[in-house]
Amino acid sequence: MTGKDFMSALSEKAKINMLKGLIEIRKFEEKSIELYKTGKIRGYLHPCIGQEAIPVGACRAIGRKDYIISNHRGHGHCIARGADIRKIMAELFGKSDGYCGGRGGSMHIADMDLGILGENGIVGGGIPISVGAGLSCKMDDKGNVVLCFFGDGAANNGVFHESLNMSAILKLPVIYICENNMYAISMCSTDSVACEDIGKRSCAYDIPGHIIDGSDPLKVYESVGIAVKHAREGKGPSLIEAKTYRFYGHHPNDPGQYRGKEEVGYYTSQKDPVTNFKRRLLEEKIITAEEIDKIEKRADEKIKDAVIFASESREPDLKKFLRENKQD
Amino acid sequence: MREIEYREAIREAVTEEMDRDREVFLIGEDIGVYQGAFKVYKGLLDKYGPGRVINTPISETAIIGAAIGAALTGYRPIAEIMFIDFAALAMDQIANQAAKIHFMSGGSIDVPLVIRTQGGVGKGLSAQHSQSLESWFYHIPGLKVAMPSTAYDAKGLLKTAVRDNGPVIFIEHKMIYPVKGPVPEKEYTIPFGKADIKRRGRDITILAYANMVLKSLEAAEEMEREGVDCEIIDPRTLVPLDIDAIIDSVKKTGRLLIVSEACRRGSVASDISARVTEKAFEYLKAPVKIVAGLNTPIAYNLALEQASIPQKADILEAVKSIIKK
Ligand SMILES: Cc1ncc(C[n+]2csc(CCOP(=O)(O)OP(=O)(O)O)c2C)c(N)n1
């Protein structure tokens with residue numbers, strides 16, 4: 001099956017679902033920034049606004065039994081994979097009904113029922129773990145695959161090389177998805193990466209490499225689909241570099257002064273995955289403005305409900321925690 | 001005397017050493033335009049340029065390796081590991097390389113290297129950004145370990161670290177960066193292995209370092225109102241450790257409480273307790289007590305987070321229980 005076949009197999013309903021995903025992630029992140037600023041959420045929060053098309057496109061290209069591995073900017077991955085936003089929000093509030101019972105916070109959401117093997121606070125920390133998840137899939141021999149998400153910054157850590165090489169020699173079903181949003185905190189990927197495209201590093205491991213526009217969920221869906229098929233056929237890993245942009249600072253307290261206004265203006269106006277995909281579906285007459293409106297309202301309600309759920313959730317049981325960790 | 005922030009004191013030490021010695025340079029993540037995750041290097045890129053303020057990719061092993069290699073060949077790098085938690089990624093270079101080269105070469109090779117990093121709990125950063133890992137470095141022969149609790153100490157110790165010919169792990173605490181303290185304008189250095197008595201007292205010795213010094217000082221104020229006179233001793237460097245000063249204080253008070261934010265198991269606190277007990281048992285009126293972090297990863301939730309490390313109330317309770325004996 002080629003990329004074209006994948007795309008034609010994608011129904012209008014599936015495309016509308018993708019738009020729902022994009023909108024939900026965008027709104028969730030906007031709400032979490034707002035709540036961070038009012039002090040409801042503490043610690044580090046890394047919103048993925050601007051990058052939504054990657055998790056949405058990628059997660060639609062895999063099945064129920066597959067796995068994903070996320071990073072510190074991981075809410076989008078989890079939501080696209082079907083995680084319960086009420087439980088994510090409760091975790092951001094540090095509450096007992098959160099995914100980690102309030103122990104993990106924004107950077108450590110995991111849901112084994114959905115094959116979400118975890119976000120990570122260590123940049124690149126999930127990349128070697130993907131090798132083991134891939135190994136399990138290979139040993140199980142059921143055709144399952146692993147999507148491993150990480151940033152351009154993570155691609156410069158030594159673990160990237162060890163893991164891709166090992167996955168390649170063992171022909172593991174892992175799809176490495178590098179979300180190149182051009183910055184690792186303040187360092188621009190043109191300064192931090194020696195070659196022009198991280199995707200080109202696939203040559204070093206003799207695996208397929210894809211370099212794609214990460215603002216387009218259909219492009220992401222297509223390349224991930226091709227890589228997943230390759231992996232399911234036992235042919236080993238692929239590396240996908242999705243070019244993208246984070247619209248805001250590294251976290252809500254980062255004004256992002258290391259980026260030029262023009263650059264930010266270009267991406268936010270030309271490469272907004274939500275706006276662009278809306279426009280596209282309208283142009284293709286797949287959806288009407290009223291229907292989009294409904295989707296947005298529905299997303300607002302869901303998020304409102306998640307905030308209420310999080311607010312009403314109990315604090316973790318401190319006494320129990322102390323009992324479990326009693327020192328003598 | 002003027003008062004400046006802990007982070008400013010560190011910056012002053014770096015600046016003075018860079019001005020004094022052209023061989024000193026900085027290397028690390030987000031230390032250029034970003035000025036460091038805690039803004040310690042404010043203005044330094046402008047002042048020294050990218051040749052001496054080397055901003056790197058997220059490559060902890062290569063950062064430390066680069067610093068070691070430069071140190072072997074004539075320079076005096078100050079490498080930064082943004083969070084002590086990330087030192088785990090560079091541990092071969094730190095523990096097997098930097099720490100061993102001088103010894104393995106029969107003492108013929110020096111590694112004049114400073115690794116600045118920061119640790120500790122307090123900002124809701126959860127398990128991978130809140131650890132107190134000083135015992136890892138304390139345990140490895142060949143490394144020196146400094147852990148300043150005040151702006152004054154940070155400046156004086158960092159200057160000494162830069163001039164030291166061996167690898168120094170310089171561990172700052174994220175909660176102390178904005179804390180102001182008196183720092184003289186005139187140049188000074190603080191020798192390694194010399195403890196500082198942060199508060200004089202007769203009844204009990206409290207040994208604390210880093211942020212626990214600040215918490216212990218608060219507790220001591222409160223104990224004073226109850227008629228108990230605490231002496232607070234801050235070793236400032238864990239390696240070398242000023243064990244004599246600790247023992248002298250214990251001889252005077254007859255009681256020792258060690259307060260440490262790090263998990264208790266395998267901690268520096270446990271080791272100091274053993275050393276004092278061996279050397280000064282006959283002076284102790286009560287068993288040495290340790291108030292330390294719980295043996296747990298740090299949680300995100302504020303209440304769980306704070307319950308995992310010593311609080312003023314824990315220190316007060318411990319002091320009272322020792323005094324009673
Ligand atoms: C090993 C490690 N080094 C440094 C950091 C601090 N840090 C957190 S996020 C980040 C930037 C990551 O960049 P990238 O992988 O491109 O992801 P992005 O934040 O752009 O999504 C850095 C340096 C860390 N968490 N872990």
Side-chain angles (χ1 to χ4, degrees), chain A residues 41-45 72 91-96 98 100-108 119-125 150-160 183-189 191-194 250 254 256-259 315-322 324-328, chain B residues 28-37 39 45 50 54-63 65 82-83 85-90 92-93 121-131 263-265 267 290-308 310 314:
Chain A
I41 298 172
R42 64 196 295 257
Y44 279 154
L45 182 78
H72 59 285
E91 189 56 38
L92 302 190
F93 277 51
K95 297 293 191 69
S96 58
C100 322
R103 294 187 186 193
S106 164
M107 293 190 285
H108 302 291
E119 298 180 295
N120 215 307
I122 300 297
V123 168
F150 55 92
D152 46 291
N156 292 323
N157 211 294
V159 295
F160 172 89
Y183 289 86
I185 307 187
S186 67
M187 196 176 203
C188 187
S189 55
D191 296 328
S192 72
V193 181
H250 177 66
D254 168 23
Q257 276 154 344
Y258 42 82
R259 311 192 298 185
E315 285 285 315
D317 187 341
L318 180 61
K319 285 207 181 99
K320 181 161 165 263
F321 176 78
L322 291 174
E324 283 167 3
N325 290 291
K326 195 167 157 45
Q327 220 156 54
D328 32 35
Chain B
E29 292 162 21
D30 297 290
I31 64 169
V33 282
Y34 203 66
Q35 313 181 110
K39 308 298 164 207
L45 177 64
I54 302 174
N55 195 39
T56 70
I58 307 172
S59 308
E60 282 79 9
T61 297
I63 291 169
M82 194 187 285
F83 282 73
D85 315 69
F86 314 156
L89 283 88
D92 169 62
Q93 291 296 314
V121 164
K123 288 184 169 286
L125 303 182
S126 72
Q128 298 172 333
H129 288 72
S130 303
Q131 297 175 86
C263 314
R264 169 152 184 170
R265 192 186 302 133
S267 65
I290 294 175
V291 172
L294 302 181
N295 297 321
T296 171
I298 301 299
Y300 166 66
N301 173 275
L302 177 64
L304 301 191
E305 173 193 79
Q306 291 301 317
S308 302
D314 303 313

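Every chain is numbered from 1, with letters handed out A, B, ... down the list of sequences.
Proximity to chain A (any heavy atom under 4.5 Å) is shown, for B:Ser130, by neither the backbone nor the side chain. If you measure heavy-atom distances from B:Ser59 to chain A, the contacts under 4.5 Å come from both the backbone and the side chain. Neither the backbone nor the side chain of A:Phe160 comes within contact range of chain B; no heavy atom of the residue lies under 4.5 Å from a heavy atom of that chain. In this structure, the portions of A:Leu318 lying under 4.5 Å from any heavy atom of chain B include both its backbone and its side chain. Only the side chain of A:Phe321 comes within contact range of chain B, judged by heavy atoms closer than 4.5 Å.
Between A:Asn325 atom CG and B:Thr296 atom OG1 the span is 4.5 Å, to the nearest 0.5 Å. Annotation: the span from A:His72 atom NE2 to B:Gln128 atom CD amounts to 12.0 Å, rounded to 0.5 Å. How far CD1 of A:Ile122 is from NE2 of B:His129: 6.0 Å, rounded to the nearest 0.5 Å. Atoms CE and CD1, on A:Met187 and B:Ile31 in that order, are 9.5 Å from each other to the nearest 0.5 Å. Note that the CG atom of B:Asn55 and the OG atom of A:Ser192 stand 9.5 Å from one another [nearest 0.5 Å]. Put simply, CG on B:Asp30 and OH on A:Tyr258 are 8.0 Å apart, with the number rounded to the nearest 0.5 Å.
No other option in B:Leu89, B:Asn295, B:Ile298, B:Val33 has as many heavy-atom pairs under 4.5 Å with chain A as B:Asn295. For chain B, the option among A:Gly124, A:Ala154, A:Ser189, A:Gly104 with the highest count of heavy-atom pairs below 4.5 Å is A:Gly104. No other option in A:Val159, A:Asp254, A:Ile41 has as many heavy-atom pairs under 4.5 Å with chain B as A:Asp254.
In terms of modelled atom types and a separation under 3.5 Å, the side chain of B:Tyr300 and the main chain of A:Arg42 share a donor-acceptor contact.
Between A:Leu322 and B:Leu294, the closest side-chain pair of non-hydrogen atoms falls below 4.5 Å.
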Open item on the list: A:Glu315 vs B:Leu304, test: side-chain contact (heavy atoms from CB on, under 4.5 Å). Steps then yes/no.
Closed with: CA-CA 10 Å; A:Glu315 285 285 315; B:Leu304 301 191; over 6 Å; no
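Evaluated for a side chain to side chain contact (heavy atoms under 4.5 Å, CB included) with B:Pro57, the options A:Asp152, A:Asp191, A:Asn156, A:Val193 yield exactly one hit, A:Asn156.
A salt bridge is defined here as a Lys NZ or Arg NE, NH1 or NH2 lying under 4.0 Å from an Asp or Glu carboxylate O, and B:Glu305 with A:Arg103 fails to meet this definition.
Heavy-atom minimum distance, A:Pro316 versus B:Asn301: CD-ND2, 3.2 Å.
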